[in-house]
Amino acid sequence: MKFNTKAIHGGQHDIDPAYGSVMPPIYQTSTYSQSTPGGHKGFEYSRSGNPTRAALERALASIENGEFGLAFGSGLAAIDAVMKLLKPGDEVVSTNDLYGGTYRLFSTIFKDFGIKFHFIGMENAENIEEYVNDNTKLIWVETPTNPMMNIIDIEACAKIAKKHDVLLAVDNTFATPYLQQPLDMGADIVMHSATKYLGGHSDVVMGSLVVKEKSLAERLLFIQNASGAVCGPQDSFLVLRGLKTLHVRMQRHCENGKMVAEYLNNHPKIEKVYWPGLSSHPNHDIAKKQMKDFGGMVSFTTKGNNYKDAIAIVERLKVFTLAESLGGVESLAGHPASMTHASIPKEEREKTGVVDSLIRLSVGIEDGDDLIEDLKQAIG
Ligand SMILES: *Cc1c(COP(=O)(O)O)cnc(C)c1O
């Protein structure tokens, strides 16, 4: 089955044997009656399993070309479950330009549980091997990265992971399975903040994991139930509904992303544009190799690199809403230095490129002409 068909039908056979409803009912229940102790119809308690969540989890596994999907209460809850595969003394090699919440989870919570992290630049995957030793259990990759849109070669990372018998996990939130399928490239775990493109309508917070291998799935399913950070049936329904238009939305996100990136790239007041589809992007070739298209996330800086200029631009935008988050149908703009990255000291954030004038756009699926007009009036 091809991707566009899977997005709609993947894992959705016999969804409602009682009445044949096309969408699964929202099973808003915590528990299920048993005819005799242990005599249930597949579900006993909704932390362990819920039919609406199960329908979503099968859909997630299908679109990522995996075997097992697991849904959580947020993207960070999904990452938290992966980290619980580890033990004190274990080491993790991770992308340095990470989603801020992931960095916070690793560098505060799990560091205190005795796990050692190496945050490194992975744009050249060979760098990873230098940090792999006998204690290394996990390589954590985010590509494209947030907000600098760096691209990491997943296949090259997978080769290193296999060679050293280390797990490879990929945060696929920015790309979505429409653009890249990390499990096919040799990753062991693919993770999503389903809050973003998978849900796609800025109306739910959710996370997910997909794996191929049964024993790894069993360990993660155990953690999902034992730690209990599951999502509810209503949210499962919303994300399942979102998935059914993922391919159509992503196609438009990519078209509009290209239009916006090219407009900004030719604008006299713009210094730099970060979008993997531009041939000037340092890892454009890897993006071309592993992604079907280049997505709707675009970051840029203004000439003179002035903090106030950037604030004025994001305040003047009308079609783009000034807000955190990304991946919804509506266009959003953010100023990382004063919003998502405000807690990181200026020198630290500037090392990875988060300078004062950096603006990050989540380009939505409105008419592209209106987005360009809006940028034109805001930048001047
Ligand atoms: C938002 C995000 C997360 C965290 O997900 P939540 O659903 O907010 O917990 C992790 N990784 C990336 C790349 C994200 O954009």
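These numbers come from a predicted model, not from an experiment.
- Taking the ring centroids of His192 and Tyr197, they lie at or beyond the 6.0 Å cut-off.
- The backbone N or O of Asp188 sits nowhere less than 3.5 Å from a side-chain atom of Glu213 that would complete a donor-acceptor pair.
- How far OG1 of Thr302 is from NZ of Lys269: 10.0 Å, rounded to the nearest 0.5 Å.
- Contact check for Leu326 versus Leu332: no side-chain heavy atoms found under the 4.5 Å cut-off.
- Remark: aromatic rings of Phe119 and Tyr103 are close, center separation under 6.0 Å.
- A centroid separation of less than 6.0 Å is found between the aromatic rings of Phe106 and Trp140.
- Taking NZ from Lys272 and NE2 from His281, the interatomic distance works out to 10.0 Å, rounded to the nearest 0.5 Å.
- For Gln224 and Glu57, the side-chain atoms include at least one donor-acceptor pair closer than 3.5 Å.
- Side-chain contact, Gln251 with Asp293: no donor N or O sits under 3.5 Å from an acceptor N or O.
- Annotation: side chain of His164 is in contact with side chain of Glu129 (closest heavy-atom distance under 4.5 Å).
- Taking the centre and axis of the six-membered ring of Phe237, the NZ or CZ atom of Lys244 falls outside the cone set by 45° and 6.0 Å.
- A salt bridge does not link Lys159 to Glu155: none of the charged nitrogens lies less than 4.0 Å from a carboxylate oxygen.
- Proximity of the aromatic rings of Phe294 and His284 is defined here by a centroid distance below 6.0 angstrom, and this criterion is met.
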